[in-house]
Amino acid sequence: MSTRRQRPAAQDAEHRPYDPLAVEPRRYQEWLSRGYFHASVDPSRKPFTIMMPLPNITGTLHMGHALNHTIQDLLTRWRRMQGYNAMWLPGTDHASIGTHVVMERELAKQGKTRFDLGREKFLEFAWQWKEKYGGLIYNQIRRMGSGCDWDRVTFTMDPGYYDAVIECFLRLYRKGYIYYGKRMINWCPKDLTSVSDLEVDYQTQQSHLWYVRYRGADGGDGVVIATQRPETILADVAVAVHPADARYASLIGREVVVPIVNRRVPVIADERVDPAFGTGALKITPGHDPTDNAIGADHGLPVLVILDEHGRMTADTGRYAAMDRFMAREAVARDLEDAGLVERKEPYTTNVGLCDRCKTVLEPYITDQWFCRMAELAKPAIEVVRTGRIRFHPERWTGVYLNWMENIHDWNISRRLWWGHRIPIYHCGNGHMAAGREAPARCPKCGATELRQEEQILDTWFSSAAWPFATLGWPSQTPDLTYFYPTSVLVTGRDIIFLWVARMIMFGLEFAGDVPFTDVYINPTVMNLEGRRMSKSLGTGLDPLDYVEQGYGADAMRFALTLRCSQGQQDLRFGEKMLDDVRNFNNKIWNASRFVRMHLEGFDPSAGPGPWSVIDRWIRSRYARIIGAVTDALESFDFDKAARTLYDFVWSEFCDWYLELAKVDLYRDDLPAERRRAIQHTLWSVLEGTLRLLHPIMPHLTEEVWQSLPHAGESIVIAAWPRPDDAAVDEAAETQVGTLMAVVRAVRSMRADLGLAPTARVAPSLRAPRDTQALLAAHRDYLAALTRASQISLGDGAAGQPGTVGTVVEGVEVSLRVAEADRERARKRLQGELSAAHADLERTTRKLADPSFVSRAPAEVVAEERRREAELRVREQVLSGYLAALR
RNA sequence: GGGCGCUUAGCUCAGGGGUAGAGCACCAUCCUGACGCGAUGGGGGUCGCAGGUUCAAAUCCUGCAGCGCCCACCA
């Protein structure tokens, strides 16, 4: 493909690129064996705690985890280095319905359902599965370098955790927050369970709207209603119209006849009917529609049910009995048409609610359900966010959270599933209930001795709501709980702000007496380059470990994700190219370190620093600033900024400039020993410190390199986070090196424009004000080396000679002799620069000629503009001088 | 129907009132002793559109459009 000439790759081991695969697992093992990730109560240090958003036991690591875990791990490592007692607690979720779907798919392969096995056998099967596969994701998490406290791994159905969940239920029950009864809920006819409103996946589908005539019971025309579910006509108990709808005013209170079943039902008036929709008349089916259910209840209407739990027509529906709901829909529609009752049928686009897990169309269905009253729980949870006790990052999610909390509905917490926390309620034969961990000997109300435990289990989110405290030993006030709770940061995705975050806040306040965490960081959603969500079912899922094992390594994956983890965006588009960039960066660090190590022979950091040269002072100053910038960025959750700052510093400053400048000294034979020591100290301290700054993002590489440096400590994991050193900030050195760099760039640019080979020697001439001239003179060797000059002339006589090309940068006039053959190129360059300078000058002059600018703009802006004008005039003059001398 | 986010170079994204930035890609040159997963130089954008505020707008305000996400019981 590429026509680029490539230098033959060096084969010896020393020159091979960095190989993360050879390093990462080894280093991770080392950290584990040294117990760095385990934290225990230590009152002398402040804790920093993160609770991992628990992956499902059925899950495997995907790109979302990779990002989410990278952020958590970098926060944990960073805080540990800062001296916190950092603890990151891992665990997995039994994921009741999610696991059921997986298990039952397995069973289906054997032609079985969970009912063929029965509750006990099924649970046995699930536990076996959990033991066998439930820990696989832990290995994947470790491969990413995540420093979790593995001694604290928790599974939501571990005995202690199980008890804590039951305790939560019992406390809510005793407080009167739990209620039970027949309610209309979202029912999945496949999983045979209820599903909470948040677990409904709405999808747009094409369907039809049937306009069906209901004749008047008195033989009149009656009304025409519009429905997309003709089968539910069998369960109609009324027709409702808006009370102010003149079209139907005369019908209110009269009766119409429900087709097919020929039932006489009243026409009622209700505000909830939208007169603008369809015909403005709404059939009321309290058994199969939530709105109708509410209207029916208010009007004292009966509830008829024509679908069973499988979504099939009930036995009493005559010829439709046992028909699937969708078949029944067609059948009823056909029969209505045959009866001449369908006025028309329109195509209709509708939102269909699907089961989030199995994608079956959900049915509004009435069953015995357990609910948790939310109003009281929500109040303090709203307060803590309003007052800033808990802060969301990015901040915009605060509004999303509050909006949901302020309109919160009661929570359907029961599921007709088996895998999970069974509701600790015992029913007696007389319809009484008793709550408790154990079955009471007799019913406290009627004394009956036959008690059966409630069959339903708790919503999986009910149990995960207790995660931040149930993992620490609650309800016992354990030392762990006292010490680590409230936790510090929750890192999670926006998709579970309501499902999980909100509920943890409510539960934490209710049960543990305080917020579960003080900061919530909502990480972006990882997308592919087309901007589509990564998902297995879409075929757009990417396995992060595939990339890792392909040779990029975990560090590259981590850095690539961190580099794009900005608060400005809600999505993060990921493509393999991004790994190439970071892989190259890793290699850059690797090689730079090799160079540094090579020149560190005999280095003794205790011998003391200095005397610094301007380049030492410059890089030390830059490094000092970087410490602050990176720390601030992490502090404010700007992870991309932290990564970018480090990338730029390492590559564009440390490698491109400092190392190149240092070489000039290091390769001199006559370098004084103390100067060598100063350079060594700078190389060593800046690299070593930069590695520490990089470590939270790229733990393995930094450890490997850090330990290869002389006088490194036991491990970078437990090394201290660099402290910003204000004393090292050196404006003068930055300005001076800035000038040197500008001169070098100017010469290089001219060389290139003249078409000179990089190997060709040049002899630039420099002219500058006295101070600058002294600076240039003092660093002539640097300039010569970086511009590949045989010699550098300084002073008034040196520049502006005929037959030269030149420019002005930072007040320095830089010129180069032009060979006869290169005159045309030189002229072209000068003309280009000149016209650019001319345009700039014109704009500046125009600006300064505008009285409103001069009078209204801040004085320093005007002064800056004046300075620029003067500079441009000089520049224009100098350039035209050169151009004239070339003709 | 509401709400939120995004729209800057071919791609991925920073920036956020005072002369448009990075990485990759592209072009040119280079087998320079840490690195070709490299070095140096360079080309490329009227910052989605339209108004407004301002001496000055990519940046603030309003509206619009496109894309994406979320909430909501419209049959």
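All chains are named by letter (A, B, ...) in the order of the sequence lines, taking the proteins before the strands, and each is independently numbered beginning at 1.
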Novice: Whole-Å distance between C6(B) P and Arg564(A) CZ?
Specialist: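 Value for this atom pair: 19 Å.
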Novice: Looking only at atom types and distance, does a side-chain atom of Arg325(A) sit under 3.5 Å from a main-chain N or O of Arg229(A), one as donor and one as acceptor?
Specialist: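 Absent.
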Novice: Without decimals, in angstroms, what is the distance between Arg644(A) CZ and A14(B) P?
Specialist: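 So the CZ-P distance, Arg644(A) to A14(B), works out to 7 Å.
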Novice: Would you say C13(B) has OP1 or OP2 under 4.0 Å from some side-chain N or O of Ser566(A)?
Specialist: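 No.
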Novice: With heavy atoms under 4.0 Å as the rule, sort Lys588(A) into base, sugar-phosphate or nothing.
Specialist: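 Base contact - Lys588(A) has a heavy atom under 4.0 Å of at least one base atom.
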Novice: Any chance you could lay out the side chain to side chain donor-acceptor pair (under 3.5 Å) test for Tyr782(A) and Glu660(A), step after step, and finish with the verdict?
Specialist: CA-CA 9 Å; Tyr782(A) 291 144; Glu660(A) 294 306 318; over 6 Å; no
Novice: Check whether any side-chain nitrogen or oxygen of Arg573(A) sits under 4.0 Å from OP1 or OP2 of U12(B), and answer yes or no.
Specialist: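 True: Arg573(A) side-chain N/O within range (under 4.0 Å) of U12(B) OP1/OP2.
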Novice: Summarise how protein sits on nucleotides 69-75 of chain B as a single string, 5' to 3': B when a protein heavy atom is under 4.0 Å from the base, S for sugar-phosphate-only contact, - for no contact.
Specialist: S-SBBBB
Novice: Please state whether the base of A34(B) and the side chain of Lys663(A) form at least one donor-acceptor pair under 3.5 Å?
Specialist: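 A donor-acceptor contact between them is present.
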Novice: Please identify each residue that fulfils side-chain contact (heavy atoms from CB on, under 4.5 Å) with Arg644(A), with sequence neighbours left out.
Specialist: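 Only Leu563(A), Asp640(A), Lys641(A), Asp648(A) meet the side-chain contact (heavy atoms from CB on, under 4.5 Å) criterion with Arg644(A).
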Novice: For nucleotides 40-49 of chain B, give me every protein contact, N/O to N/O, under 3.5 Å, one pair per line with atom names.
Specialist:
| residue | atom | partner | partner atom | Å |
| --- | --- | --- | --- | --- |
| G42(B) | OP1 | Ser749(A) | OG | 3.2 |

Novice: Could you tell me whether Gly568(A) contacts a base, only the sugar-phosphate backbone, or nothing, with contacts defined as non-hydrogen atoms closer than 4.0 Å?
Specialist: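 Here Gly568(A) touches the backbone only, sparing every base.
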Novice: Check the distance between C37(B)'s P and Tyr18(A)'s OH and give it to me in whole angstrom.
Specialist: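 For the pair Tyr18(A) OH and C37(B) P, the rounded distance is 17 Å.
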Novice: What is the distance from CG of Asn587(A) to P of G38(B), rounded to the nearest Å?
Specialist: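 Answer to the nearest Å: 7 Å.
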Novice: Verify the contact: side-chain N or O of Arg868(A) to OP1 or OP2 of U19(B), cut-off strictly under 4.0 Å; return yes or no.
Specialist: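 Indeed, a polar side-chain atom of Arg868(A) lies that close.
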Novice: To the nearest angstrom, how far is Gln569(A) atom CD from G5(B) atom P?
Specialist: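 Nearest whole value for this atom pair: 13 Å.
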Novice: Counting the atoms with a prime plus P, OP1 and OP2 as sugar-phosphate, which does Leu529(A) contact under 4.0 Å by heavy atoms, base, sugar-phosphate, or nothing?
Specialist: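 Answer is sugar-phosphate: Leu529(A) comes under 4.0 Å of backbone atoms only.
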Novice: Does Lys641(A) make a side-chain N or O approach to OP1 or OP2 of A22(B) shorter than 4.0 Å?
Specialist: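 No, no such contact exists.
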Novice: Under 4.0 Å from OP1 or OP2 of C37(B): is there any side-chain N or O of Trp651(A) that close?
Specialist: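 Checking C37(B) against Trp651(A), no side-chain N or O comes under 4.0 Å of OP1 or OP2.
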